[in-house]
K.L.:
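Quick one: the structure is below, questions incoming.
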Amino acid sequence: ELSEVPLEITGLTKRYGKSAGRYAVRDLSFRVEKGQVLGLLGPNGAGKTTALRMLMGLVAPDEGEIRIYGHAVRPGAPVLSRVGSFVEGPGFLPHLSGRTNLELYWAATGRPPGDAHIEQALEIAGLGEALGRPVRTYSQGMRQRLAIAQAMLGLPDLLILDEPTNGLDPPQIREMREVMIRYAAEGRTVIVSSHLLAEVEQTCTHLVVMDRGRLVRADTVTEITGSGETLLIGIDGP
Ligand code: ATP
């Protein structure tokens with residue numbers, strides 16, 4: 001049953017609303033191979049967050065199956081140590097340093113102490129000497145990178161990031177892009193959501209384009225950006 005395929009989802013469906021009649025995610029199927037940086041792209045409301053929350057085991061699908069390295073994912077199932085995830089910036093303790101916040105978080109996960117992975121995650125996140133400063137002195141971009149560093153602790157083989165560039169300005173977005181590229185450079189697998197093609201096209205190897213819960217296209221970035229087609233996503237609303 002074990003597999004080296006980071007992610008395989010089949011027929012994933014989630015409905016909300018009155019008698020669960022609205023589809024947030026509808027019959028979504030795709031597969032992510034080792035070493036890919038997969039961008040989940042789509043306008044607001046396309047279902048990206050819902051899809052990623054199902055992958056993280058935070059939301060139960062109505063239908064479909066999720067396998068991460070061959071393990072079936074469902075809420076309540078143990079979180080695989082091979083997976084790190086970032087959802088909306090978590091709260092840090094503002095008066096403590098970035099480094100101390102991460103050390104406390106790591107200790108709270110109950111995994112063995114040791115600094116090597118913390119140092120590596122911090123280095124990839126590129127926070128430099130700011131790490132020793134209290135988090136309350138950080139800019140939003142720095143907090144966001146600290147949150148990404150937290151998701152990278154233990155250097156998980158698969159990193160899942162929900163809109164890590166949300167609320168950042170262009171220089172901070174570029175820094176975030178560098179962080180993802182550094183992380184993926186060592187053959188790790190990354191899944192990242194965004195609503196802007198420009199944000200992910202230089203980072204990602206592959207794209208899954210979603211609109212109104214459905215998969216619109218899945219291909220390499222080169223195929224998608226080179227095809228000259230317009231990505232018709234979310235232009236005329238639901
Ligand atoms: P965004 O970029 O705004 O986060 P998204 O692509 O991540 O958009 P989702 O947040 O997954 O999209 O939302 C998809 C649809 O599902 C939306 O219509 C949203 O209103 C609905 N939805 C999501 N979560 C819930 C919930 N807990 N209860 C009811 N409806 C929900």
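Counting starts at 1 for both ligands and their atoms, following the listed order. FYI, side chains are in, hydrogens and waters are out, and symmetry mates aren't considered; it's all heavy atoms of this structure.
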K.L.:
I need the atoms of ligand 1 closer than 4.0 Å to a non-hydrogen atom of Lys48, numbered in the order shown.
P.N.:
2 (O), 5 (P), 6 (O), 7 (O), 8 (O), 11 (O), 12 (O)
K.L.:
Under a single-linkage definition using a 4.5 Å side-chain heavy-atom cutoff for Ile, Leu, Val, Met, Phe, Trp and Tyr, are Ile181 and Ile191 assigned to the same hydrophobic cluster?
P.N.:
no
K.L.:
Which residue supplies the protein heavy atom nearest to atom 16 (O) of ligand 1, what is that atom called, and how far is it?
P.N.:
Ala24 CB, 3.2 Å
K.L.:
Please determine whether salt bridge (Lys or Arg N to Asp or Glu O under 4.0 Å) holds for the pair Arg182 and Glu186, giving the CA-CA distance in whole Å, both sets of side-chain angles, and the decisive distance to 0.1 Å.
P.N.:
CA-CA 8 Å; Arg182 284 199 291 273; Glu186 294 181 35; over 6 Å; no
K.L.:
Using heavy atoms and a threshold below 4.0 Å, how should the contact between His195 and ligand 1 be classified: side chain, backbone, both, or neither?
P.N.:
neither
K.L.:
Looking only at protein heavy atoms, which one is nearest to atom 8 (O) of ligand 1, and what is the separation?
P.N.:
Gly45 N, 2.7 Å
K.L.:
Contact between Pro43 and ligand 1, counting heavy atoms under 4.0 Å?
P.N.:
yes
K.L.:
Protein heavy atoms: any of them under 4.0 Å from atom 19 (C) of ligand 1?
P.N.:
no
K.L.:
Please assess Glu199 against Arg177 for the test salt bridge (Lys or Arg N to Asp or Glu O under 4.0 Å), listing each intermediate value before the final yes or no.
P.N.:
CA-CA 8 Å; Glu199 252 180 44; Arg177 196 183 291 151; over 6 Å; no
K.L.:
Heavy-atom distance from atom 24 (N) of ligand 1 to the protein below 4.0 Å?
P.N.:
yes
K.L.:
Hydrophobic clustering (ILVMFWY, side-chain heavy atoms < 4.5 Å, transitive) - are Leu127 and Tyr105 grouped together?
P.N.:
yes
K.L.:
If hydrophobic clusters are built by linking Ile, Leu, Val, Met, Phe, Trp and Tyr wherever their side-chain heavy atoms come under 4.5 Å apart, do Val59 and Leu7 end up in the same one?
P.N.:
yes
K.L.:
Return the closest protein heavy atom for atom 4 (O) of ligand 1 as residue, atom name and distance.
P.N.:
Thr49 OG1, 3.1 Å
K.L.:
With respect to Asn44, determine whether any N or O atom, backbone or side chain, lies less than 3.5 Å from an N or O atom of ligand 1.
P.N.:
yes
K.L.:
Please answer: with hydrophobic residues joined when any side-chain heavy atoms are less than 4.5 Å apart, are Tyr16 and Leu55 in the same cluster?
P.N.:
yes
K.L.:
With a cutoff of 4.0 Å, is Arg22 in contact with ligand 1, counting heavy atoms of the residue only?
P.N.:
yes
K.L.:
Could you tell me which atoms of ligand 1, counted from 1 in the order shown, lie closer than 4.0 angstrom to a heavy atom of Ala46?
P.N.:
5 (P), 6 (O), 12 (O)
K.L.:
Checking a contact table here: which protein heavy atom is nearest atom 21 (C) of ligand 1, and how many Å away?
P.N.:
Tyr16 CD1, 3.9 Å
K.L.:
For Gly42 and ligand 1, answer yes if some heavy atom of the residue is under 4.0 Å from a ligand atom, otherwise no.
P.N.:
no
K.L.:
For Gly47 and ligand 1, does the shortest N/O to N/O distance drop below 3.5 Å?
P.N.:
yes
K.L.:
Walk me through whether Glu8 and Arg67 qualify under salt bridge (Lys or Arg N to Asp or Glu O under 4.0 Å).
P.N.:
CA-CA 5 Å; Glu8 197 164 11; Arg67 291 199 169 262; over 6 Å; no
K.L.:
Compute the minimum heavy-atom distance from Glu163 to ligand 1 and say whether it is under 4.0 Å.
P.N.:
yes
K.L.:
Do Thr13 and Asp27 have a side chain donor and acceptor closer than 3.5 Å?
P.N.:
no
K.L.:
Which heavy atom of the protein is the closest neighbour of atom 13 (O) of ligand 1, given with residue, atom name and distance?
P.N.:
Thr50 OG1, 3.9 Å
K.L.:
Pairs of nitrogen or oxygen atoms closer than 3.5 Å, one from Ala51 and one from ligand 1: do any exist?
P.N.:
no
K.L.:
Looking just at side-chain N and O atoms, do Glu33 and His206 make a donor-acceptor pair shorter than 3.5 Å?
P.N.:
no
K.L.:
Backbone or side chain, does any N or O of Gly17 fall under 3.5 Å from an N or O of ligand 1?
P.N.:
no
K.L.:
Taking side-chain contact (heavy atoms from CB on, under 4.5 Å) as the criterion, tell me which of Thr50, Ile9, Thr49 meets it with Val25.
P.N.:
Thr50
K.L.:
Could you walk me through whether Arg145 and Glu123 pass the salt bridge (Lys or Arg N to Asp or Glu O under 4.0 Å) test, one step at a time?
P.N.:
CA-CA 11 Å; Arg145 273 185 287 149; Glu123 199 175 304; over 6 Å; no
